[in-house]
**Student:** 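Structure provided below as structure tokens; questions to follow.
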There are 2 protein chains.
Amino acid sequence: MMTFSEENYLKAIYHISDRSEGDISTNAIAEQMNTKASSVTDMVKKLSEKELIHYKPYKGVELTQEGKLMAANIIRKHRLWEVFLVEKLNFTWDEVHDVAEQLEHIRSEKLINQLDAFLGFPKRDPHGDPIPDKEGNISNYADVLLATLGKGEKGIIVGVKDSSSSFLKYLDKQKIALGKKIKVLDKEPFDNSMKIRVNKEEFMISQQIANNIYVKK
Amino acid sequence: MMTFSEENYLKAIYHISDRSEGDISTNAIAEQMNTKASSVTDMVKKLSEKELIHYKPYKGVELTQEGKLMAANIIRKHRLWEVFLVEKLNFTWDEVHDVAEQLEHIRSEKLINQLDAFLGFPKRDPHGDPIPDKEGNISNYADVLLATLGKGEKGIIVGVKDSSSSFLKYLDKQKIALGKKIKVLDKEPFDNSMKIRVNKEEFMISQQIANNIYVKK
DNA sequence: TTAATTTTTTAGATAAGCCTAAAAATATAT
DNA sequence: ATATATTTTTAGGCTTATCTAAAAAATTAA
Ligand SMILES: [Mn+2]
Ligand SMILES: [Mn+2]
Ligand SMILES: [Mn+2]
Ligand SMILES: [Mn+2]
């Protein structure tokens, strides 16, 4: 039986693998988990004992097939609950994460599958992140960062990379939301800021903003 | 901040006070919680420290106003989640308790109030137990046990005292459900078993069964 | 290729929540 | 009132998940 802490470590490792290549360092996990490296070493031994990760001292870790499946399952629950909170309980997309962090640990196969059905088998969560299926498969969308679009290119907003409350609130303020059409009207070579059009309104955004918005061309 | 364990103890104490008078003994709590008396003593000290219970060594415990409110709030969450599982996710009434035991610990004011609204502010859970409001008030229904009805008396089934899966499954088998009309056709003085009519069908039930069904006359 | 730096692991503590066994207090029976 | 039985608390351990400080290994720089 998995403890909450073990589940959180698995999820952290999964997320790190998602954005980097090769073995995952103790320090990387410590940073992601907001703990100390020594705590990570302890946990990593336990997870390795349970064959959820491959672990070679000093060499980093990697999820096993079983570990990957478990992590995907936690993420599946997290994201389905986020959909539930937004679609059924009128939460805004910047309010859901903390509650989902709790709900993702609820153990009940039936619960999560019924929830999935109740929500109409959603493919993405409120931030545009894909929802793994029961087998842990995640659809791979060909989304690109808004920052990669050049002058004149168009797309539809499908996700955000940064899901922090402050960033999401900024997007709300600018009325930038998932599903909206966006066009790059101009791009400033000096700082890569761009002038965009959304909702028939035109305004400037910095590269930092553009680097955290996914669009489908 | 409350731990899950602290919450479970509060709830246990609340439930015991509900069915008995006066101070609550260490052993009673140990039995309810399925732990040892020594563990209870430890926890009782901690809850007393936090002023959630009054505790006099060797004299038993009693919830403070604050403790009572907290316990009622956990029970509120438990029962609202049970309603959700049955009403929205097609769980049966014998499947919901264990999942609700987990869900009751999720911390989010907004979540529980929105859930309440989403469910249409239900007054009772799937077992007929009343759902406390935000202030911890529980409606006091004038329900009586079916066993107290005499020959010829009629009522409507409004709740069950025993929510064990085995009892609920027995009721399902006999098609005895909340909201059904019931009439005591005959009562055997020797063992207090009774012949009843539900769903236009007539059959016998033992006193033990009748003692676990609440009816409204 | 040594020396300095960084990363990782180990050693030893701490807190929560549980346990068993023994001691102390309370309740019951003779 | 004293002995016996029951209940409750205390004492001492164990496990999980943390931490700090020190040691060991690996990496980087000179
Ligand atoms: Mn999230
Ligand atoms: Mn998300
Ligand atoms: Mn229940
Ligand atoms: Mn119930």
Side-chain angles (χ1 to χ4, degrees), chain A residues 1-14 16-17 19-63 67 70-71 74 101-102 104-105 107, chain B residues 1-14 16-17 19-63 67 70-71 74 101-102 104-105 107:
Chain A
M1 247 285 255
M2 294 268 99
T3 65
F4 283 17
S5 195
E6 289 171 328
E7 292 191 341
N8 285 334
Y9 272 92
L10 281 184
K11 194 171 46 128
I13 295 166
Y14 187 101
I16 297 167
S17 339
R19 59 164 189 262
S20 62
E21 284 297 299
D23 287 358
I24 289 149
S25 73
T26 301
N27 266 356
I29 300 171
E31 193 188 357
Q32 174 87 13
M33 291 286 299
N34 253 291
T35 49
K36 303 293 163 161
S38 54
S39 307
V40 174
T41 301
D42 282 351
M43 181 56 85
V44 135
K45 283 176 185 165
K46 194 165 8 146
L47 294 175
S48 168
E49 199 63 46
K50 295 190 174 186
E51 308 211 60
L52 297 168
I53 59 178
H54 296 298
Y55 167 56
K56 289 270 191 197
Y58 295 102
K59 297 299 179 192
V61 306
E62 192 188 19
L63 289 168
M70 280 200 138
I74 299 160
E101 284 289 305
Q102 301 178 61
E104 72 190 2
H105 300 292
R107 262 174 269 272
Chain B
M1 247 286 253
M2 294 269 98
T3 64
F4 284 15
S5 194
E6 289 171 326
E7 291 191 341
N8 285 334
Y9 272 92
L10 281 184
K11 196 172 46 127
I13 295 167
Y14 187 101
I16 298 167
S17 340
R19 59 165 191 261
S20 63
E21 284 297 298
D23 286 358
I24 289 151
S25 74
T26 301
N27 267 354
I29 300 170
E31 194 186 356
Q32 175 84 17
M33 290 287 300
N34 253 291
T35 49
K36 302 293 162 160
S38 54
S39 306
V40 174
T41 302
D42 283 350
M43 181 55 86
V44 134
K45 283 176 184 165
K46 197 169 4 150
L47 294 175
S48 168
E49 200 62 48
K50 295 191 173 184
E51 308 212 60
L52 297 169
I53 59 178
H54 296 299
Y55 167 57
K56 289 272 192 196
Y58 296 99
K59 296 299 179 191
V61 307
E62 192 188 21
L63 288 168
M70 279 199 140
I74 299 159
E101 284 289 305
Q102 301 177 60
E104 72 189 2
H105 300 293
R107 264 174 269 273

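Note on naming: letters A, B, ... go to the chains in the order of the sequence lines (proteins, then strands), and numbering restarts at 1 for each one. Worth knowing before you read on, the calculation uses all heavy atoms, side chains too, and leaves out hydrogens, waters and symmetry mates.
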**Student:** Would you mind reading off the distance between B:E31 atom CD and D:dT7 atom P, rounded to a whole angstrom?
**Tutor:** 11 Å
**Student:** Do other residues, nucleotides or ligands put more than 12 heavy atoms under 6.0 Å from A:E51 CD?
**Tutor:** no
**Student:** Round to a whole Å and report the spacing from NZ of A:K56 to P of C:dT9.
**Tutor:**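 Nearest whole value for this atom pair: 13 Å.
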**Student:** To the nearest Å, give me how far apart CE (B:M2) and P (C:dA16) are.
**Tutor:** 12 Å
**Student:** Quick one: does any side-chain atom of A:R107 pair with a main-chain N or O of A:M2 as donor and acceptor, under 3.5 Å?
**Tutor:**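 Checking the backbone N and O of A:M2 against the side chain of A:R107, a donor-acceptor pair under 3.5 Å is found.
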**Student:** Could you give the distance from CE (B:M70) to CG (B:L10), rounded to the nearest 0.5 Å?
**Tutor:** 7.0 Å
**Student:** What is the separation between atom CG on A:D23 and atom P on C:dT8, rounded to the nearest whole Å?
**Tutor:**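 Atom CG in A:D23 sits about 11 Å away from atom P in C:dT8.
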**Student:** Could you give the CD1-to-C1' distance, from B:I24 to D:dT7, as a whole number of Å?
**Tutor:** 16 Å
**Student:** What's the shortest heavy-atom distance between A:I13 and A:I24, and which atoms?
**Tutor:**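 Smallest interatomic distance, heavy atoms only, reads O-CD1, 3.7 Å.
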**Student:** Please list, for nucleotides 18-21 of chain D, all pairs of protein and nucleotide N/O atoms separated by less than 3.5 Å.
**Tutor:**
unit_1	atom_1	unit_2	atom_2	d
D:dT18	OP1	A:S5	OG	3.1
D:dT18	OP2	A:S5	OG	3.3
D:dC19	OP2	A:K36	N	3.2
D:dC19	OP2	A:S39	OG	2.6
D:dT20	O4	A:S38	OG	2.9

**Student:** For A:T41, which contact category applies under a 4.0 Å heavy-atom criterion: base, sugar-phosphate, or nothing?
**Tutor:** base
**Student:** Starting at NZ of B:K45 and ending at C1' of D:dA11, how long is that distance when rounded to a whole Å?
**Tutor:**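 Computing the B:K45:NZ to D:dA11:C1' distance gives 10 Å.
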**Student:** Check whether any side-chain heavy atom of B:V44 lies under 4.5 Å from a side-chain heavy atom of B:Y9, and answer yes or no.
**Tutor:**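 Sidechains of B:Y9 and B:V44: no contact.
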**Student:** So do B:K11 and B:N8 actually touch side chain to side chain, heavy atoms under 4.5 Å?
**Tutor:**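 With C-beta onward as the side chain, the pair touches.
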**Student:** Taking side chain as C-beta onward, heavy atoms only, is B:L63 less than 4.5 Å from B:Y14?
**Tutor:**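 They are in side-chain contact.
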**Student:** Relative to each other, are the rings of A:H105 and A:F4 parallel, tilted or perpendicular (30° and 60° limits)?
**Tutor:**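 Correct class here is parallel.
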**Student:** Ignoring backbone atoms, test whether B:N27 places a side-chain nitrogen or oxygen under 4.0 Å from the OP1 or OP2 oxygen of D:dT6.
**Tutor:**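 No.
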**Student:** Atom pairs, N/O to N/O, protein against nucleotides 22-29 of chain C, distance under 3.5 Å?
**Tutor:**
unit_1	atom_1	unit_2	atom_2	d
C:dA25	O4'	B:Y58	OH	3.4

